[in-house]
**Student:** 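First the structure, which I've put down as structure tokens, then a few questions once you've had a look.
Remember, it's 1-based here, ligands and their atoms both numbered in the order they're listed.
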Amino acid sequence: MIKELRITNSLTGQKETFEPLAPPFVGMYVCGPTVYSDVHLGNVRTFLSFDVVYRYLLFLGYKVRYVRNITDVGHLVNDADEGEDKIAKKAKLDNLEPMEVVQKYSNGFHDVLRTFNIIPPSIEPSATGHIVEQIDLVQKLLDSGYAYEVNGSVYFDVSKYNTDHDYGILSGRKIEELMDSGRDLDAQDEKKNKIDFAIWKKALPTHIMRWKSPWGEGFPGWHLECTVMSTKYLGEQFDIHGGGMDLKFPHHECEIAQSVGSTGKPPVKYWMHTNMLTVNGQKMSKSLDNSFLPQELFEGKHDLLERAYSPMTVRFFMLQSHYSSTLDFSNDALTAASKGYKKLINGLRIVKNLSYEGNSEVEENSKQIDQINKLIDNCHSAMNDDINTALTIGHLFNLVKKINSIQTKQLSVAELGEACFKNLKSTFVSFVEDVLGLQEEKLEEQEGLLSALIELYQDAKFNKDYEKVDKIRGALKAQGIILKDMKTGIDWAYEE
Ligand code: AMP
Ligand code: ZN
């Protein structure tokens, strides 16, 4: 059994034992969204994966400071140092103030994440709220000699940095290869080398998002904000930095260069990257026009969707893959996820209603106790093994079988003994709800109606009115509810 948490560190490509710099405190930074459009399901996958990392660290008892930023300036349309700012472009297009765009899509982002039961971070700083600190960092990098100013813009000198340090340490890129690829510099270019990146850009007269700086009016480069905000809230060195795989280069590589260039220290102990949600094998992306919004999924309104899927079904679908593998969207997988989710929730409903009742005449069943204890261990081991949610779900399914046996009286709680029963109950509930973040999508206002129907069903059975019995069964089945005739009375479950 794996006793300690191991995570794959993108820096080494190895699974490493997680040892925080200053336990029990853990500092975790995840790159947040650029708030110029609605978040699509691909974005949700990344934030949901880190939600589970956060949840599991809390479950293990760590005191986590989780920082996830909002990018509201500096991210240019082509991800390099050219083109318009994404926010400013959208503001012009919709005739809005840039901050109206930022507010609108930040609100939308929060609404979506809440729907998926993603816990908000401890701090959610924004790039525009940290301009002063970004200017300070630019000055530090100029002072250290790793940056140079040209005509009001400041660039990071990658080759100079690479003579003292290792540019490419995270992504494995080689500076010579980078020099050979892409467009060559022309006469108008201000950079010394094409691999240099802007840390401060001079604002052209038409540029609306601009701030005063020692180099004239301008705006910060995209990579700068994350270095500044992670350092400010987590220190010069912290435990975990995450983001989608597509951010590894250049964004995270540049973050490392900025930190090492200004403090001399590597900023992050464990880099974690999530893999992409794909559609027919292609990354889901707004620019590829293959993305859909969570709302479209909930309503089933998109050409790619055969039906609607609930938020928890989608959450379950995402948890069924490892965060570092690609996950391809498909209706079949979502339909299977809907069944799997209901199986877990049925187990949850049953186990929450069970309580321990000792019986001096019943002997403990050591075989069952061993099996259940093993399954419980497996849940811990799977999560400890690089947050393997897919495997954890498999073990939880096996626990559901045991829970069902208790409900059908094939197995009694007395046979398990108090310790094993309580362990089963608390492990199951905490893994489903706290670690995986799955909630019962309650029928809520329909629950009163459901009990009324169950009462009618019971009366009909008592009166041997089988036509009515079938009718009620059929009507409830059409709503996804299965009636269960138990020795103890009538119960119901979600249809799996
Ligand atoms: P953006 O707002 O484009 O910077 O993206 C926000 C986050 O979503 C980043 O961490 C991206 O890496 C991540 N992301 C973007 N597309 C996908 C996708 N198809 N699958 C998983 N994560 C994605
Ligand atoms: Zn970032």
Side-chain angles (χ1 to χ4, degrees), residues 10 28-51 53 67-79 85-87 90 101-102 105-106 108-110 112-113 116 118 121 124-127 130 134 137 170-171 197 199 220-234 238 240-259 267-268 271-294 314 317-318 321-329:
S10 313
M28 173 160 110
Y29 187 92
V30 170
C31 291
T34 308
V35 280
Y36 73 105
S37 67
D38 292 314
V39 273
H40 60 66
L41 207 65
N43 305 131
V44 171
R45 187 194 186 196
T46 287
F47 298 120
L48 197 146
S49 300
F50 285 106
D51 181 55
V53 175
V67 182
R68 190 185 63 212
N69 67 303
I70 291 277
T71 297
D72 56 358
V73 69
H75 197 169
L76 305 185
V77 280
N78 72 352
D79 272 11
D85 184 297
K86 290 186 181 191
I87 309 277
K90 182 72 177 159
V101 172
V102 165
Y105 293 108
S106 299
F109 172 65
H110 292 141
V112 165
L113 265 49
F116 285 106
I118 292 173
E124 192 172 52
S126 68
H130 297 75
Q134 293 182 81
L137 179 57
L170 176 68
S171 60
F197 57 91
I199 49 179
W222 173 38
H223 315 304
L224 207 61
E225 59 170 290
C226 289
T227 301
V228 155
M229 293 188 274
S230 59
T231 310
K232 173 156 179 168
Y233 299 110
L234 301 173
F238 57 96
I240 299 176
H241 191 316
M245 203 82 109
D246 54 345
L247 297 186
K248 220 188 225 185
F249 188 86
H251 187 53
H252 293 159
E253 196 68 66
C254 295
E255 275 189 49
I256 295 179
Q258 291 168 159
S259 283
V268 175
W271 282 91
M272 290 180 82
H273 289 98
T274 52
N275 216 323
M276 296 290 110
L277 179 74
T278 56
V279 182
N280 297 322
Q282 244 193 343
K283 174 187 167 185
M284 182 180 279
S285 150
K286 201 167 154 25
S287 54
L288 292 173
D289 210 21
N290 65 353
S291 65
F292 40 78
L293 306 179
V314 180
F317 160 71
M318 294 192 175
S321 67
H322 191 258
Y323 73 84
S324 66
S325 314
T326 53
L327 170 63
D328 202 45
F329 165 83

**Student:** Evaluate L277 for polar contact with ligand 1, using N/O atom pairs at a separation under 3.5 Å.
**Tutor:** yes

**Student:** What protein heavy atom sits nearest atom 10 (O) of ligand 1, and how far off is it?
**Tutor:** G244 N, 3.1 Å

**Student:** Relative to the ring of F317, is the ring of F329 parallel (under 30°), tilted (30 to 60°) or perpendicular (over 60°)?
**Tutor:** perpendicular

**Student:** So which bit of D246 gets within less than 4.0 Å of ligand 1, heavy atoms only: side chain, backbone, both or neither?
**Tutor:** side chain

**Student:** Does ligand 1 have an atom under 4.0 Å from some heavy atom of T34?
**Tutor:** yes

**Student:** Is it true that the side chains of N69 and E124 contain a donor and an acceptor less than 3.5 Å apart?
**Tutor:** no

**Student:** Work out whether the distance between some heavy atom of N275 and some atom of ligand 1 is less than 4.0 Å.
**Tutor:** yes

**Student:** To the nearest 0.5 Å, tell me how far E225 CD sits from S126 OG.
**Tutor:** 8.5 Å

**Student:** Would you mind listing which atoms of ligand 1 come within a distance below 4.0 Å of any non-hydrogen atom of K283?
**Tutor:** 16 (N), 19 (N)

**Student:** Answer yes or no for H223: is there an N/O/S atom below the 2.8 Å cut-off from the Zn ion (ligand 2)?
**Tutor:** no

**Student:** Could you establish whether H40 and ligand 1 come within less than 4.0 Å of each other, counting only heavy atoms on the residue side?
**Tutor:** yes

**Student:** For T274, run the side-chain hydrogen bond (donor to acceptor under 3.5 Å, both in side chains) check against T46, T326, D246 and tell me which one passes.
**Tutor:** T46

**Student:** Have a look at ligand 1 and work out which part of N43, if any, has a heavy atom under 4.0 Å from it: side chain, backbone, both or neither.
**Tutor:** both

**Student:** Tell me: protein heavy atom nearest atom 7 (C) of ligand 1, and distance?
**Tutor:** F47 CZ, 3.8 Å

**Student:** Would C226 count as a contact for the Zn ion (ligand 2), in the sense that one of its N, O or S atoms lies under 2.8 Å from it?
**Tutor:** yes

